[in-house]
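Worksheet for the structure shown next.
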Number of protein chains: 2
Amino acid sequence: MPLPDVDLNSLAASATKLKKQYRDFQAQQLKLDMTRGKPCAEQLDLANPLLSILDQSDYLDASGVDCRNYGVLDGISEAKTLFADYLQVSTDELFIGGNSSLGLMHDLVARCISHGAADSEQPWAKLEKIKFLCPAPGYDRHFAICQHFSIEMISVALLENGDPDMEHIERLVASDASIKGLWFVPKYGNPSGLSVSDQAVDRLAKMPCAAADFRIFWDNAYNVHHLTPQHVEIKNLLRACQQAGNDNRAFVIGSTSKISFAGAGIAALGASRDNINWLCQHVAIQTIGSDKINQLRHLRFFKNLQGIKDHMLKHSEILAPKFQTVDRVLNAQLSGKHLAQWSKPKGGYFINLDVLDNCATKVVAMARDAGVVLTAAGATFPYGKDPRDRNIRIAPSLPSVEQIELAMQILSVCIELVSIEVLSDKQKT
Amino acid sequence: MPLPDVDLNSLAASATKLKKQYRDFQAQQLKLDMTRGKPCAEQLDLANPLLSILDQSDYLDASGVDCRNYGVLDGISEAKTLFADYLQVSTDELFIGGNSSLGLMHDLVARCISHGAADSEQPWAKLEKIKFLCPAPGYDRHFAICQHFSIEMISVALLENGDPDMEHIERLVASDASIKGLWFVPKYGNPSGLSVSDQAVDRLAKMPCAAADFRIFWDNAYNVHHLTPQHVEIKNLLRACQQAGNDNRAFVIGSTSKISFAGAGIAALGASRDNINWLCQHVAIQTIGSDKINQLRHLRFFKNLQGIKDHMLKHSEILAPKFQTVDRVLNAQLSGKHLAQWSKPKGGYFINLDVLDNCATKVVAMARDAGVVLTAAGATFPYGKDPRDRNIRIAPSLPSVEQIELAMQILSVCIELVSIEVLSDKQKT
């Protein structure tokens with residue numbers, strides 16, 4: 001029976017029972033961390049051959065470049081071939097960076113601010129105000145970059161089909177030249193798990209923007225991170241932008257952080273030749289080049305895109321049962337009670353959980369007090385403020401299936417208890 | 001006989017002979033690159049065990065951190081112990097970065113500009129003008145960072161004892177609050193090969209600065225890069241600054257780029273706790289952490305500072321003969337002619353060559369046309385402008401001894417020819 005229809009006395013009776021369960025969980029003094037999308041040890045183990053794949057004579061790339069020495073700002077040519085296939089761009093539309101796609105994105109924003117983008121009339125810092133569009137719920141580290149650089153964030157709804165609210169976006173960018181960017185995780189989104197439609201890609205590519213140097217930060221972090229055999233494919237934003245005559249609009253970002261090693265992978269940017277040239281001019285001041293030996297390691301291990309795809313099947317075998325466990329326990333505990341909705345993603349690292357309005361902060365706090373640490377409520381929205389206080393991001397990759405089972409039982413109890421409290425208050429007033 | 005004392009006819013006779021030599025060199029169509037301080041293959045070979053030093057089960061640090069995964073922003077604790085010894089700071093005065101000390105320095109400057117230093121009242125970008133002091137000749141990439149960020153460079157003389165002109169510096173910083181920084185390679189300098197005196201370190205640490213957030217970028221790139229058994233030691237700038245009550249003044253930078261692999265080493269910053277905290281707050285927005293697996297590789301290979309020192313002895317055995325060859329050939333060709341002076345560095349990567357005034361650009365161009373590529377004349381001065389046009393940087397690390405022998409013969413012929421031209425013009429007028 002839906003809890004919102006239950007009378008006060010019955011709610012109180014349920015609460016008494018649930019409180020006892022909660023106290024029993026507390027007594028176990030658990031420590032379950034589900035805060036971040038960190039790979040688990042078993043996933044990392046899959047890439048252990050990377051640790052020892054080079055022997056002492058293996059340091060030249062195919063063209064004879066000594067990867068131990070200085071040089072090659074934008075990546076060795078074999079790495080470009082691999083990442084061109086991975087990001088679906090050509091090898092001269094590529095920049096191979098260090099171990100952090102977040103670093104690539106941060107630095108892109110920083111350079112636009114200090115010097116302007118490739119086609120900016122002036123550095124963004126010269127403008128009175130800069131704004132970015134932030135489909136939400138979204139990735140908290142994108143929002144942190146905006147806050148760090150005093151970029152005003154405009155929250156845009158992420159629709160149930162996985163598209164950002166295109167009408168809203170089109171209206172905003174058409175008239176406001178201070179809107180310089182948009183963040184988006186287009187595939188198996190963080191935290192939605194949803195993927196963007198071809199139509200939305202086309203509209204993003206084509207839409208007239210008051211700012212000629214408008215940029216889409218297309219954080220394709222979960223490009224090959226499938227959880228089911230039904231692999232989602234999304235339309236190529238860079239090509240769509242080129243077809244629309246907005247060649248420089250797209251910054252397409254990817255990395256192997258959740259393919260090889262999270263702390264020792266390779267990040268890459270796909271963008272127009274103008275954008276890549278612009279970036280290289282800036283990066284040449286910052287560094288003589290990224291770690292080419294690590295590029296070589298990845299090439300020796302994965303060989304090509306098929307190698308990455310085969311590898312990701314093994315990731316899927318580890319992750320899928322964890323996601324299924326979240327779904328199974330939430331279903332068993334909450335089904336039919338009308339207290340929460342959650343996503344069943346076909347890929348990525350997160351399950352998006354929406355509880356009743358004004359309950360998320362309390363649920364997360366209560367779970368924490370029973371040893372289950374979740375991403376802070378609100379973190380998935382600009383400025384950390386979820387206007388309905390209902391969104392919770394669940395990151396099931398790191399804990400074991402057994403830990404997830406337990407954590408979701410605890411979370412369910414917390415959701416039900418907080419909901420009863422809120423529903424009771426509502427009935428009383 | 002000193003060439004400046006030779007009569008016109010004799011100069012012309014010499015020139016005829018030298019021109020023939022020059023044409024013979026040209027006919028050989030040589031390609032000798034002495035532009036940059038790149039290690040040679042034999043030096044890199046010394047660190048080849050790094051390529052395969054980890055086996056597939058070796059990815060945990062001593063405290064159990066999984067170096068494959070996300071996390072640990074400022075470096076694993078064992079790496080901090082090693083670099084604390086290396087930079088002579090304590091482990092909580094350290095930040096371990098990626099593979100590029102240039103990147104550390106660039107980002108430090110960028111952060112000061114966009115947000116201000118730890119003790120700035122406002123971002124440097126809010127100031128009408130920012131100036132840096134640049135002891136010259138110095139490192140061209142330092143100067144490039146200034147130009148990139150529109151920081152005005154004030155050239156300061158580097159004295160013959162290796163100290164920057166302290167009186168000039170003290171006078172400037174005392175009264176001009178727009179002077180926010182100073183670049184310096186304090187040991188085996190680039191290109192001077194000289195090292196700073198204890199007195200100058202103390203004066204830099206103590207000098208009253210109009211800018212409370214004045215920073216010394218102490219690029220200690222050649223800390224253990226000795227070329228003779230007489231190891232130069234310099235005074236600890238961070239400690240001197242702390243003793244003078246200017247704790248935050250020093251940014252001490254080092255890396256293993258010229259110890260392990262130039263493209264795949266580890267960079268580190270030593271600074272006050274306030275500075276490190278400030279940096280970590282900024283870096284946390286940019287990345288989740290540097291490559292910890294590469295930190296582990298370096299630890300397994302070098303083990304400790306003694307390991308690094310032992311390793312650098314082997315570097316010295318490869319490099320010293322190259323430096324000696326430069327000195328020997330220049331001596332044989334130019335001794336007594338009063339056309340050039342050059343340094344005999346006890347460490348580092350460069351020989352500083354001063355030719356007659358107004359000759360450096362011509363000499364470098366002439367050498368290039370005979371297949372010897374040197375760092376562009378002027379590059380060692382702010383804005384690429386050597387006021388006397390006499391400084392040439394020689395980088396002997398990459399070519400073989402035989403190539404250096406030949407390159408220096410060609411360079412000597414070029415120096416003599418250009419000098420004769422200039423001296424003849426002088427006599428005629």
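Note on naming: letters A, B, ... go to the chains in the order of the sequence lines (proteins, then strands), and numbering restarts at 1 for each one. Values in this document were obtained by computation on a predicted structure and should not be read as measured data. Below, all heavy atoms of this structure are taken into account, side chains as well, without hydrogens, waters or symmetry copies.
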I'd like to verify something: which residue of [options] has the highest number of heavy-atom pairs under 4.5 Å with chain B?
| options | value |
| --- | --- |
| A/Ile145, A/Leu104, A/Val283 | A/Ile145 |
| A/Gly103, A/Gly98, A/Ala125, A/Pro49 | A/Pro49 |
| A/Leu296, A/Leu54, A/Leu44, A/Ile293 | A/Leu44 |

Look at [options] and state which one has the largest set of heavy-atom pairs under 4.5 Å with chain A.
| options | value |
| --- | --- |
| B/Val109, B/Ile113, B/Val72, B/Leu51 | B/Leu51 |
| B/Gly265, B/Ala284, B/Ala264, B/Gly71 | B/Ala264 |
| B/Pro39, B/Ala47, B/Gly289, B/Cys67 | B/Pro39 |

Can you tell which part of [X] gets under 4.5 Å to a heavy atom of chain A, answering side chain, backbone, both or neither?
| X | result |
| --- | --- |
| B/Ala110 | neither |
| B/Leu398 | side chain |
| B/Ala41 | both |

Legend entry - Over all atoms of both residues, closest heavy-atom pair of B/Ile285 and A/Leu102: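 That would be O-CD2, 3.8 Å.
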Inset, instruction - Under the ring pair (Phe, Tyr, Trp, His ring centres under 6.0 Å) rule, collect the residues that match up with A/Phe350, sequence neighbours excluded. - result: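 Expected list: none.
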Output all donor-acceptor pairs under 3.5 Å across chain B and chain A; consider backbone as well as side chains.
unit_1: B/Pro39; atom_1: O; unit_2: A/Asn69; atom_2: ND2; d: 2.8
unit_1: B/Asp45; atom_1: OD1; unit_2: A/Arg68; atom_2: NH1; d: 2.7
unit_1: B/Asp45; atom_1: OD1; unit_2: A/Arg68; atom_2: NH2; d: 3.4
unit_1: B/Asn48; atom_1: OD1; unit_2: A/Arg68; atom_2: NH1; d: 2.8
unit_1: B/Asn48; atom_1: ND2; unit_2: A/Gln56; atom_2: O; d: 3.3
unit_1: B/Gln56; atom_1: O; unit_2: A/Asn48; atom_2: ND2; d: 3.3
unit_1: B/Arg68; atom_1: O; unit_2: A/Ala262; atom_2: N; d: 3.0
unit_1: B/Arg68; atom_1: O; unit_2: A/Gly263; atom_2: N; d: 2.9
unit_1: B/Arg68; atom_1: NH1; unit_2: A/Asp45; atom_2: OD1; d: 2.7
unit_1: B/Arg68; atom_1: NH1; unit_2: A/Asn48; atom_2: OD1; d: 2.8
unit_1: B/Arg68; atom_1: NH2; unit_2: A/Asp45; atom_2: OD1; d: 3.4
unit_1: B/Asn69; atom_1: ND2; unit_2: A/Pro39; atom_2: O; d: 2.8
unit_1: B/Tyr70; atom_1: OH; unit_2: A/Lys258; atom_2: NZ; d: 3.1
unit_1: B/Asn99; atom_1: ND2; unit_2: A/Gly289; atom_2: O; d: 3.0
unit_1: B/Ser100; atom_1: OG; unit_2: A/Thr287; atom_2: OG1; d: 3.4
unit_1: B/Gly103; atom_1: N; unit_2: A/Gln286; atom_2: O; d: 2.9
unit_1: B/Asp107; atom_1: OD1; unit_2: A/Gln286; atom_2: NE2; d: 2.8
unit_1: B/His115; atom_1: NE2; unit_2: A/His148; atom_2: O; d: 2.5
unit_1: B/His115; atom_1: NE2; unit_2: A/His148; atom_2: NE2; d: 3.4
unit_1: B/His148; atom_1: O; unit_2: A/His115; atom_2: NE2; d: 2.5
unit_1: B/His148; atom_1: NE2; unit_2: A/His115; atom_2: NE2; d: 3.4
unit_1: B/His148; atom_1: NE2; unit_2: A/His282; atom_2: ND1; d: 3.4
unit_1: B/Lys258; atom_1: NZ; unit_2: A/Tyr70; atom_2: OH; d: 3.1
unit_1: B/Ala262; atom_1: N; unit_2: A/Arg68; atom_2: O; d: 3.0
unit_1: B/Gly263; atom_1: N; unit_2: A/Arg68; atom_2: O; d: 2.9
unit_1: B/His282; atom_1: ND1; unit_2: A/His148; atom_2: NE2; d: 3.4
unit_1: B/Gln286; atom_1: O; unit_2: A/Gly103; atom_2: N; d: 2.9
unit_1: B/Gln286; atom_1: NE2; unit_2: A/Asp107; atom_2: OD1; d: 2.8
unit_1: B/Thr287; atom_1: OG1; unit_2: A/Ser100; atom_2: OG; d: 3.4
unit_1: B/Gly289; atom_1: O; unit_2: A/Asn99; atom_2: ND2; d: 3.0

